[in-house]
Structures are given as C-alpha cells and as structure tokens.
Colleague: 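Have a look at this one before I ask anything.
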Amino acid sequence: MVIRPFGDSALLVEVGGLADVLDLHARLADAAPPGVLDLVPAARTVLVHVDTAVLPLSAARTWITAGESAERRAGTAPAQTEVELPVAYDGPDLAEAASLVGLSPDALIGRHLAARWRVAFTGFAPGFGYLVSDDWNLDMPRRATPRTRVPRGAVALAGGFTGAYPRETPGGWQLIGTTDAPLFDPAAAESVLLHPGTLVRFRRVASVAVAAPAQAVRPAGAPAFDVVDPGALATVQDAGRPGRLADGIALSGAADRPAFAAANRLVGNAEGASAIEITLGGFRATSSRDLWIAVTGAWGPVRIADRDVDAYRPVPWPAGTDLSIGAFRAGVRAVLAVRGGVAAAAALGSAATDSLAGLGPAPLRAGDAVATADAARHPVPAVDLWPWTPPADVLEIAIAAGPRAAWFTPEARRALVESRWVVGARADRVGIRLDGPSLARTPDAVGRELPSEGMLPGAVQVPPDGVPVILGPDGPVTGGYPVIGVITAAGRAALAQARPGSHLLLRSASPRR
C-alpha cells in the first residue's frame, strides 16, 4: 500500500487491484472516524477526503495504515446487494463489438449474460457503475470517435468493463443493448441503484421502454422577484453535495465559497442557504415585495430603482423596483443572496445546480419567478462597511502536492509554479484549461495509461498534450489523467473569479523537503 498526498484535504491510497480496493474501501467505511467526508474507490486506489479541522491528514494517514493492516474477522465482511438488470440486446454497436473480439453477436450476448458482475467503482456520471467480472476476459476497444450523444439506459462495453448510462451524455463505449432499470433517480429515497461492491446479473428481455427523466417541481414559497434577464448564466447554488463522491455525484455548490458565505451572513441567512450565482453580470429582475439582498464576489455596478448601491452590504430592495447587476469589471461570479434564502427543489439534499450531471434546478431564464424559502434565522447585521477588494488582474493561486507529480520531469514541476498561466477559452464550472508551457512527463511515464482514480475540485490534471486542466466544482469524480497538483480551498475561491484571458500564478502551498 502506498499513501500519496492529494492536496490539502485528501489522501490517495494505492493498492494492488480491484479486489484489494474493494476490501480496503469496506474496511475503511466500517471504521470511519469523525471527519471523513468521502471514500472513493477506483480501479487501483481509494481516495480519502477529510475535514482537516476534525481529522488532520497525519491522523488520517495513521487510521488508514491501521485499517489496511488489521485482519478482517471471519463473518464480518459486509453484505453484498445483488440486483438484476433487464437488457434488450438492441445496441447499434452489437455486431461490430462482437467482431472486434472474434465472436458472433449471440456468443457475445451469451458471455455477457453468463458473467457474474460486480460494481468496482462509479464515476463519469451519477449512478454510472464500472462493472467487472472474473468470468469476463474480453478487452473491448473503445470507439475511435466518441458519440456526442449516448441515450439514457444504453448498456455498453469498454476495456474489461461493462456499464449502463443513467442519463443522456457523450461517450465512447460500444453500445450493445438497452435497460430500463432506474439507475439514478435523485427524487428517490435510494437515488443510486449501483453502489461500489453491488453484485449485478443481466437478464435478457425482448424490449424495454426507457422512461423520460422526471421534471423537477418548482417549490412553493413566498414570491420574491421575477427574472427579466439572467445575463450570461444565473444558477441556484448552495453548499453542495458532500459525501456522495463514491456514487459518482460531484460536490458542486457555490464556486466562490467565501463570497457565498459573506452574502448569506450579510442578510441574516442560515449558513448554506440557497442563493443565485451570476456569471459575468448582465442580470436584471423586478421585486414582487420588499426584500433585503446582498451582492458579493465579482465587481460590477449594482443598481436598485436606478440608484447605485454598494456590494458587500445588506440593502433593501423595495417592492416593484428593478435590480440590475451590470457587466463585471473584475472577476467572473457574483453571489446574490436574498433574506430568507432562495426556494429551490432539493436533489440529493442540495439545491445546487450541477452543470455536468444535470442535477438541481435549471439555469434561470427570463420570465422565471423566484420565491424565498423564508428560512432567515438572524437579524440583518448593522454594518457600515464589509472589508473586500475587487478580484486582482493577476491571480495568485495556492497549489498543494498532487499524487502523480512524480510522473513529470523536474523542469515541468518547476514550470508549474514559476510560469505565468493564462486561462483558456474553455473555462466553466466543470473545469479550466490553462494556456502556457507544456508539462513534459518523465521518460518512463510517456505513453503510460493511468487507471481511473478519484478526483476532487481543484485537481490539476495533465492530459498527454501536457496542457493542464483544473477541475471545477461540477467536475467529474473520477479521471484517468495524472494529477500533478491540487488547488487549495483558498485558491479555488480565487480561481472562481478567473475568466478567459486572466493571468494566473500558481504558488506552492506544500512544505519544502
């Protein structure tokens, strides 16, 4: 077992193979101390994410080591759930996939049905399980060109895995069938059908009818305001969905956590109350009743009833008047908090909009009526000035050690923290691609494949082209590119205000050795 640092709040535990991963994951889950937020099994690793205020990384390392060395007593192995998935073998790639492994379609179907499958890990999308089997020795090539649209319920093969798509998404696996099993339903008491360790059998049926996903119901609440123009993007965000990474569900939530917390405190909201995250400005709305609001984060003009008001202050928004938040002059994302919190339907315990998984409320549109939850617990604070400064033109971002830094040359590791990086055109809540020097791998890592590993927001992945990508709050929960470093929590808040063309300086937050 090898324990590697994964930023300032996680450890990546590397073991031998899938059987060892599932065993270690079960051991750690059985004896998790307070402070463990997530345990994410993957192909050869378990990612341990902790709240370091409760469980320091040094204590987490000691606990992991003890859990790995302890012998499991006979009869204490966790019970394994077995589910049956009905499959109509009607996939468009069935014949081609069979020929790729030298079988007829009927023979491939027979092998797929006869195998006893188990969920090794999840990722890619909420509820998407990577299934493996000791009875399956076929290595299925992925499609040369991935599809831009794989339908919900598609059953597919890739490498030594099989899986079923819980929602419509792009994908490069070979599609061999369709299932109508409820793989992921955020409204259900048990939202995910396939958890790590679940045993799976496939049952052949003549046909299936995949139901359309349920539409979110707009929650009732006191009418607050009507959206006239949402600007580039306006979404509902809160503190996110911690504790669900093992089911493929991202943390999500507000990108600039300090700005989110400040906005809620300024209007007397409970910590974590839902608010509106506004990207690039251009937001306009008309109030339905008297409100108190606060705007924090990115810097731009804020006007109520055609009068300028200050950011980072609680201000009244009288009934029937217009609020406008102009184009931001600095930064990318502002938080609009309304006293009482924004009323929004919760999905898996959170009202956060996850742009990659499609969880949570849809982005706001012109004509949407927004209600408040009326959950305020504290008086509006009497403040004359909240200390703040607009986001800087050149952002200094703290970066801690990543688990795969050794895959890169010493020159690449120096370039990471000595270069001035530019935020590329591909920058959103899922991730940010940086423009700058290419980070070269060591000779033994060139062309090397990395089995999927758990990921967290702030992970700096480096694809084979050497151009780093920083995962955002809606980023995937597993990935196959090596992580050279991980942006700290403070760094992620600063990064939330980086727009295409912004300049970044990555500064090491890891102790010198």
Colleague: Please find the pair of heavy atoms, one from Thr122 and one from Pro196, that lie closest to each other, and give the distance.
Modeller: CG2-CD, 4.2 Å

Colleague: Test Phe161 against every option in Trp117, Phe128, Tyr130 by the ring-ring contact (aromatic ring centres under 6.0 Å, His included) rule and name the one that passes.
Modeller: Tyr130

Colleague: Is there a donor-acceptor pair closer than 3.5 Å between any side-chain N or O of Arg152 and the backbone N or O of Val210?
Modeller: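 No.
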
Colleague: Determine the minimum heavy-atom distance between Ala346 and Gly349, stating which atoms define it.
Modeller: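 Result for this residue pair: CB-C, 4.3 Å.
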
Colleague: Go through the steps to decide whether Gln237 and Thr235 satisfy the test side chain to side chain contact (heavy atoms under 4.5 Å, CB included), and finish with yes or no.
Modeller: CA-CA 6 Å; Gln237 297 296 341; Thr235 61; 3.1 Å; yes

Colleague: Quick one: side-chain hydrogen bond (donor to acceptor under 3.5 Å, both in side chains) partners of Arg404, sequence neighbours excluded?
Modeller: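 Per chain and number, Arg404 pairs via side-chain hydrogen bond (donor to acceptor under 3.5 Å, both in side chains) with Glu14, Glu453.
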
Colleague: If you measure only the distance, is there a donor-acceptor pair under 3.5 Å linking the side chains of Thr488 and Asp8?
Modeller: no

Colleague: Quick one: salt bridge (charged side-chain N to carboxylate O under 4.0 Å, His left out) partners of Arg147, sequence neighbours excluded?
Modeller: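 So Arg147 forms a salt bridge (charged side-chain N to carboxylate O under 4.0 Å, His left out) with Asp93.
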
Colleague: Given the side-chain rings of Tyr89 and His112, with only the six-membered ring counted for Trp, is the space between their centroids under 6.0 Å?
Modeller: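 They qualify: ring centres under 6.0 Å apart.
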
Colleague: Please lay out, stage by stage, how Leu131 and Leu194 fare under the test side chain to side chain contact (heavy atoms under 4.5 Å, CB included).
Modeller: CA-CA 9 Å; Leu131 277 61; Leu194 304 180; 4.2 Å; yes

Colleague: How far apart are the closest heavy atoms of Thr162 and Trp173, and which atoms are they?
Modeller: C-CZ3, 3.7 Å

Colleague: Mark yes when over 12 heavy atoms from residues, nucleotides or ligands other than Asp135 sit less than 6.0 Å from its CG; otherwise mark no.
Modeller: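 Yes, enclosed.
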
Colleague: Has Arg257 got a side-chain atom pairing as donor or acceptor with Ala493's backbone, closer than 3.5 angstrom?
Modeller: no

Colleague: If you take all heavy atoms of Pro361 and Val236, which pair is closest and at what distance?
Modeller: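 Closest approach of Pro361 to Val236: CG-CB, 4.1 Å.
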
Colleague: Output all residues satisfying salt bridge (charged side-chain N to carboxylate O under 4.0 Å, His left out) with Asp465, sequence neighbours left out; order by chain, then residue number.
Modeller: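 If we apply the salt bridge (charged side-chain N to carboxylate O under 4.0 Å, His left out) test to Asp465, skipping adjacent residues, the hits are Arg433.
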
Colleague: Just wondering, more than 12 heavy atoms not from Arg426 lying within 6.0 Å of its CZ?
Modeller: no

Colleague: Within the side chain of Asp247, is there an N or O that forms a donor-acceptor pair under 3.5 Å with the backbone of Arg244?
Modeller: no

Colleague: Are any side-chain N or O atoms of Thr179 and backbone N or O atoms of Pro86, one a donor and one an acceptor, separated by less than 3.5 Å?
Modeller: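 A pair under 3.5 Å: yes.
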
Colleague: Is a donor on one side and an acceptor on the other found under 3.5 Å between the side chain of Asp238 and the backbone of Ala351?
Modeller: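 Checking the backbone N and O of Ala351 against the side chain of Asp238, a donor-acceptor pair under 3.5 Å is found.
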
Colleague: Using the test side-chain hydrogen bond (donor to acceptor under 3.5 Å, both in side chains), find all partners of Thr353 that sit at least two apart in sequence or belong to another chain.
Modeller: none

Colleague: Whether the side chain of Gln461 engages the backbone of Pro482 through a donor-acceptor N/O pair (distance < 3.5 Å, no angle test) should be reported.
Modeller: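 Looks like no, no N/O pair under 3.5 Å.
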
Colleague: What residues form a salt bridge (charged side-chain N to carboxylate O under 4.0 Å, His left out) with Glu277, not counting sequence neighbours?
Modeller: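 Glu277 satisfies salt bridge (charged side-chain N to carboxylate O under 4.0 Å, His left out) with Arg333, Arg429 only.
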
Colleague: Quick one: list whatever passes ring pair (Phe, Tyr, Trp, His ring centres under 6.0 Å) with Tyr481, sequence neighbours left out.
Modeller: none

Colleague: Give me the one residue out of Arg203, Arg201, Arg204 that meets salt bridge (charged side-chain N to carboxylate O under 4.0 Å, His left out) with Glu84.
Modeller: Arg203

Colleague: Check whether the side chains of Asp444 and Thr442 place a donor and an acceptor atom closer than 3.5 Å, and report yes or no.
Modeller: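 The criterion, which ignores hydrogens and geometry beyond distance, is satisfied for Thr442 and Asp444.
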
